[in-house]
Peer 1: 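Sharing a structure with you now.
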Amino acid sequence: MTETATARPVPELTSGWRLAVRSFAQNRLAVLGVGIIVALVLFCFAGPHLYVTEQITVDPVSSLLPPDAAHPLGTDAQGFDVLGRIMRGGQASLQIGLFAALIATAIGTLYGTVAGLAGGVVDGVMMRVVDTLLSIPFLFIVLIAATRFSSTVLSLSLILGAFSWLAPARLVRAEVLSLRSRGFVAAATVMGATKLRIITRHLIPNALGVVIVNITFQVADAIIAVSLLGFLGFGLNYPDVEWGTQLSEGVSYLFEGAWWLIYPVGGCLVLVVMAFNFVGDALRDSIDVRLRRR
Amino acid sequence: MTRYVLRRLATSAVVVLGVSLITFMMLHGLSGSPGRAILGVEASAEAVAAFDREHGYDRSLVVQYVMYLGDLLQGDLGYSYRLNQSVNDLLAENAGRTAMLAGAALVLAIGIAVPLGVFQAVKRNSVGDNLLTALTFVAYSMPVFLLAMLLIQVFALGLGILPAQASQSSSNFVIFTEPRAMLLPVLTLTGVTVAMYSRYQRSAALDQLAQDYIRVARAKGLSTRMVLTRHLLRNACLPLVTLIGMSIPLLLAGNLVVESVFNYPGLGLLFFNSLNNQDYPVLLGYTLVASIMTVLGNLLADLVVAVSDPRTQNA
Amino acid sequence: MSGVRTRRALAAAVLATLLPLSACSGGTGDTGDQGAAPAGRTQGSQTFGELPPESGTPKDGGAVDIAQQPGAGPYYVLPIVPGAFNSTYVTYQFQRLMYRPLYWFPEGASPKVNPRLSLAELPEFSDGNKTVTIKLKPGYTWSDGNPVEAGDVVFFINLVKAALRKNAANWAGYTPGQFPDNLDSVTATDASTVTMKLKEAYNPEWFTTDQLTSVVPLPAKQWARASADGPILDHADPENAEAIYTYLDKASRDPATFASNPLWQTVNGPYRLSAFDVTTNFYAMTANEKYTGPQKPRIQTLNFRPFTSETAKFNQLLSGNLTMATVDQAHVGQVRALKAAGYHVYGAPRLGFNFIMLNFKDTTDNVDKILGQLYVRQALQHLIDQPGYIASKGMYNGAAAESYGTAPATSPYASPDVATAPYPYDPAAARKLLEEHGWKVVPNGATTCERPGSGPTECGEGIPQGQTITFNLFYRSEPQLHSAVSTAFASEARKLGISISVAPKTFSFLIQNYNVPAAPDKAGEWAMSTWGGFSITPYPTMTGTFDSEGSGNVGAYSDAKTDELIRASVHGDDRDAVKAEIEHLRTNLPVLWLPNAHTIWAWKDTLSGPQETFAALPTTVLTPEYWYLK
Amino acid sequence: MMAGDGEVLAVEGLSAGIRLRTSAVDAVNGVDLLLRKGETLGLVGESGSGKSMTGLSIMGLLPSGGHVAAGSIKLEGRELVGLPERQYRRIRGNEIAMIFQDPMTSLNPTKTIGEQVAEPIRLHLGASAGQARERALEMLALVGIARPAERLGSYPHELSGGLRQRVMIAMALSCEPKVLIADEPTTALDVTVQAQVLRLLHDLKDRLGMAMLLITHDMGVIARWADRVSVMYAGGIVESAPTRELFTGMRHPYTQALLACTPRLTQPRENTLYSIAGAPPDLLDPPAGCRFAARCAHATERCESEAPPLAATRPGHTLACWHPVDGPLDPATTPAQAPVPDTEQAGPVLDVDDLVKEYGGGRFALRGLKRSVKAVSGVSFAVEPGRTFGLVGESGCGKSTLAKMIVALEPPSSGSVTALGGKLNELRGRALRRHRRNLQMMFQDPLDALDPRMRIGAILREPFEAQGIGTAAEQLAAIRELLDEVGLPHSVLERYPHEFSGGQRQRIALARALALNPRVIVADEPVSALDVSVRSQVLNLMKRLQAKHGLTYVVISHDLTVVRYMADAVGVMYLGKLVEVGSSDDIYLRPAHPYTAGLLAAIPEPDPDAGDRIEIGSEMPSPYEPPSGCRFRTRCPRAQARCAEEEPQPRDFDPGHSAACHFPLREPQVTVRTG
């Protein structure tokens, strides 16, 4: 059946994006995910303005205090307020996650588009390059690279971004290839549209969905990756901090019963990654035009 | 089929060659000259230069790459000047233990993920499915080390029923000889992979469930169980085989973390220690081997799919 | 050669191979035991916990599991250790169990030569301190039955000379001009007597504790060959010695064969190697039944277990899987739990001093010029709150002692002042110092030089107008303590507009790469580093460490007065010389002083032995032959 | 109703629905069906009418969320509704079997044919593996599969679509069920194969004494193969009658309209096609009264408020209508089309000369497929201005490739296309783009051809922008005019393609194709994705626009009736070759090539009296290795040795009528072609 059982004789006024938004909003997990992300972003970026704590000057005397009225989540080994520290660490983790995802997506999209459009030998060679890089374990190469860089938000974003553009490149290429064979591209060609016009008016807007979905997953992956780097000792240094480094430091005091160094930040980390995954899944479902056709 | 296999072998070889080029470039770019590594930081610049000249390390990159490739082809992965061991020996010594750990986790993960994914697909949107989906989401979103820490906290420190450290024995078969000591590492590694696999298996099974042949099978009067085992399972597992092939890098990365957290003597721990020592020959040697394993894993997965899926056989 | 070699120094893991001897000359007198430290003026006690009395009935057999420090496995067997392999873990916990040094130290907790465990009687100095006669004790034999002879001592010295001819880095104990360069001749006068002729007169106390303690007799009758089945060669011939060294060195660098190579099974210590895992560094030793020392080993097997982190190690300790292990400062709060789990816990500062190393050769951003100014170093020292750090749960957790000099308060040579801060924690004073010297202090911003020049109220020579103070500081990644200390220091500096960026590196990476004499081409990469500190010999002169020519002068500190004082310590006969040296260094700040952390050990109460053998634990020296399982 | 008279299956008042997340679809509403032994009941209706849901309800196989809300299903008096699953399973595949529409996806790709056919035998008959194999072999032979023993070990992908459907039938019939439900069994097949499969089903039904429920949208299939017919509309049965009676004396206006808009070969070309206005109701919220009322010419207020019950008007003829009609519409009542004006321009507007397209190397090479596909092998024809050239052929014959080459979407391997004096493959860049104005295309799937991210306004504006024509205001004016022409309100401009029905989308696509005022429009299967009632609307529109603008069409379709209605001249393609070209009448009334004749014979005419005709056997060979000589010889009843050796050259039969055949159905004209 090519027609849906519920063909609408009188079309309602809905845009593609609005429809996507609506189907997205119907996905409770997605709404939850967006809620978590918004909450955590507010918490990390607006929180420090409401809940002002000292995060630069250490306070050795009040180190490792358990939670109390003054420090709702206690203090860490340097005497920093943990609640404030999580906000600060979250800023870096989210920033790196987002930057890395954007870098990776930008490179990947460009690369995938070029390969998909070029086709033939160029495409073959470009895809073998992707295959080659994909077969090198991501974490290995990132860690090896990290031994030679001093860790900053920028350097970590660059390292992660530089090695994680492969998946988006493949995705975008596949999308471009499938879009190229779609009827509306042929229609545009037949009406005399230039290549540039087809790329900018048809291919890019239609591939955008895939790219956006990819960004959310990429952010989730990058946040996990940066936490791993931090945990293995290649994270940010004072006065900066991200969640992986926080966890890594917290582990040293696990036996001291300093649960407040681990669980709040660990929880935030899992929550934000999960939230991005929720959103990615839902976006994929709602942007996928094919689903709507069925 | 033969044509396909040959073609696949050829592309794999190209990829391996590409990987070797990358590891060579990184080795060259990161670890400085072999002379410095061999003679130590104390050696004079002249001595280092002389050594490099003597051994051809001052020649053009192309020549050096050919030398490197020549060594690789003879199975020589390099030499750790820090450990004074050939990289081959180091890897060979630890490969068995890592293979056992990763293998056990992989087998367990597949054993759990396949039925789980199929169950979720069949019971789509039921309470059980939603619950399991939530659980796999959590596991999927959890960094390996965090899962390891949680398991240690609960089972080793809290309940005190399992050791917090993996077996330290140098035997390759500690999984069988000391199963208790290996339980947490294996579970950790399983936890992260099972989340990915079962999510994938669920969607693969859903795809297959929507196929007409499933409806046909039911129309034949087959019970749900028979439909699943006789028709769905094999077709729904084929994509998973490919995924498993592709997930080898992730498995190895997880293995690296698990081995360092649980202090399990294997390739991951070797890598972790080499990382801290900036022992690039070992790091890149293992990276190369891991990449080749990935390539082989993908190749194997594709071949398994090709063999199990008659559609690809005459391609 | 004297004093402490920096290269061997490490905080928690010091490498000194030298030992003190309050030997013949120079009254050892009071050892300045722990309690003698000026109490009340220092923060932090001198010992941690108490030593349990010996208990139970000695029993033969059994195995103990001993934790290694994370990432510090031994990778070299031959007791002529190259710099790159040198650490206390190699010398004290590995080689010394198999190959006994000529002179053993310490004696319990006392920083002096232990005559009972030494292979020779204390040396006799004659000819105006230019001739040294060493008498080997009778009855010591190798495990192959051959006696430990004078020739074995000469063999060692010949091998060291051969090693040094190949590369000065081949022996960590080497300082140019000192041992063995300062030997005119060395001869085996008879089977049990070695006579050394020195080129110059030396302080006998220094020569014994600093130079002879690093001599380790080697089994010439087994090892003096150039290949596995080659003939025994005459090692007096330099060519032969070189061939022998080459052969032994190569075997020493092949950890895969450590336990299997028959070469290393000829030992004169109480244990011999029975297993070695290259990847993890796990190694095991088994009792040497033929040991001829004062105490036959009772415990059959020693398992040295490796760890990736302090936490992992502590974890195993707490769950009862380790017989003994060190306890990191981060886990001091769990001592009660440890005791409940059946452990004894005892700690004390190691014999040495801790610091933040300064690099006087880092020309990046004029770091060398800035650090060259005493007032700057004083200001920086004013920023370090030793009492606060010691009290902080996130740092020393009470398990450290204040320390402001090259000798710990326990050293008999140190003045009581070492525990008194020359420049106590006082940020205002630090600010004043900078402002008095022409700096415009911008708290939390960038402090800049306003009055360049070399006058008394000017910034100092080579510091241009507008210069900022920007350092980097590499700290040891494990344990957590170093991170906390570095961060606290950087935080204080920041308040004065001094920018210090911190980053972790592993211990071995730090000592190899951020070391001016060893890696001069990396001098521009670091301004400061902290990995702990140096261990010292009982005779605490800083030759080799803080003299301008010192091969272990990691930060290239150079000060004419220091050089002069050190020369007096080494050659003179006056103990006050070394005191003067200590006092000068204390205030001249070749490094920034940090508290001296306790090395805390925990061991199961099923393990017992003479009290003093456990008292030596904080120095990381193990004498397991005295121990037994109850 | 009593179980008797050979009644096998009785469905009464069956209602079934599907629960969605927030709503429920009322998919089947009070359906009554009766199947007798040895009889075929045709269930006909447009897509979405609930035919398939009815079939699945009987099988107890409703998709997830689906449930039988009311009614009863009795198999030989045994109630199936509410039967426990274990017992239902014993009936499925054993007493009631079902075959589905798409044979390509209905077989498990990783199991052999043998296993799959044997499965129900082992399951229901308790046969041993050996016995089951024997039986499977027997079944494969029964459904006319050659060398069945070899086929047992084959995998589905190694079989052609027709063979797969035969396997499906073998599987369904292996336990000799009492009832066979065939749900659109031939829709996915080519017309020649369709006839074979339907005949097979019919024969087997007789042989095995089954009752068959034949579900289809095709009135032609019904007319030919069903004994009785039930017509479904929007979930309910509107009329049931014996086939002949239904086709000659239908009472329901929907049945009447459905039949009227089904195209026939005999359709007068000058008349417009009958079409039903509007679209079926939304079953999420069905109307209260008669569900057809909104589209019915006879509807009154009563129809809109009160649903007519299904009642017997005569024995065996039931009807649900307040205002029944009587018999079919008179074709003459449809108004005439405006005649196509003769254009003054002489000479063809489009000239296709010896076009060849071979795929190979390139992308396929990367996958290890070095074999080349000869998609189009030397096709030539010319189209006069203002005329319609129709191209027919089975799927895979190269029609679409040819269409793409005509509009320069794909470069030919050799040969040329000349449109309005310009050789397309010699034009480049700007010149080509400008030339494209004259040459537009309509695509098979209008949803695919409309960018889902663009509003209709932007889609319609695109041709102007691409060609740089007019100011924004002028473009808007032109767009509004286009919408008027294709009969869409101006309000659609703000909407997105997915908001429209298929017919509306094809109108939009047509409007876009017209925007540049082209001379030629290539329409590739313009209506095959549409339901019958909408199909005629689009075809009428195309005709009207052709008349108005003097357009030249190339209409490509596998549906011979569509081409018959649209085209002045027709080309028949087989395996990349044009085997016969001629005027519409030449081809349809006087075919010379056996293939053309076979194609025509296979068309199911919506007329129960049409009678049997010769059919082409087997299926089209693989285009990878086309047969030597005459490519059709493997299926040709007249083939002789010469056909394998020598490739036939086109010969003229009438003026403008040529065919390439050694042994044509008619004698060719004596004139020999030169050059």
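Each chain gets a letter, A, B and so on, in the order its sequence line appears, and its residues count up from 1.
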Peer 1: To the nearest 0.5 Å, what is the distance between CZ on Arg453(D) and CD1 on Ile204(A)?
Peer 2: 13.5 Å
Peer 1: Between atom CD1 of Ile198(A) and atom CG of Asp451(D), what is the distance when rounded to the nearest 0.5 Å?
Peer 2: 11.0 Å
Peer 1: Under a 4.5 Å heavy-atom cutoff, which of Glu462(D), Gln440(D), Gln467(D) has the most pairs with chain A?
Peer 2: Glu462(D)
Peer 1: Spell out, as yes or no, whether a donor-acceptor pair under 3.5 Å connects the side chain of Asp448(D) to the backbone of Gly183(A).
Peer 2: yes
Peer 1: Who are the side-chain hydrogen bond (donor to acceptor under 3.5 Å, both in side chains) partners of Thr194(A), not counting sequence neighbours?
Peer 2: none
Peer 1: In terms of heavy-atom proximity below 4.5 Å to chain A, should Met454(D) be classed as side chain, backbone, both, or neither?
Peer 2: side chain
Peer 1: Can you tell which part of Arg434(D) gets under 4.5 Å to a heavy atom of chain A, answering side chain, backbone, both or neither?
Peer 2: neither
Peer 1: Which residue out of Thr187(D), Leu450(D), Leu432(D) racks up the most heavy-atom pairs below 4.5 Å with chain A?
Peer 2: Leu450(D)
Peer 1: CZ/Arg182(A) to CG/Leu447(D) distance, rounded to the nearest 0.5 angstrom?
Peer 2: 7.0 Å
Peer 1: Of all the heavy-atom pairs spanning Ala187(A) and Ala449(D), show the shortest one and how long it is.
Peer 2: CB-O, 4.0 Å
Peer 1: As an exercise, state the distance from CZ of Arg433(D) to CZ of Arg197(A), rounded to the nearest 0.5 Å.
Peer 2: 11.0 Å
Peer 1: Does the side chain of Met191(A) come within less than 4.5 Å of Arg436(D)'s, by heavy atoms?
Peer 2: no
Peer 1: Heavy-atom distances under 4.5 Å only: say whether Leu439(D) touches chain A with side chain, backbone, both or neither.
Peer 2: backbone
Peer 1: With a 4.5 angstrom heavy-atom cut-off, is it the side chain or the backbone of Leu516(D) that approaches chain A, or both, or neither?
Peer 2: side chain
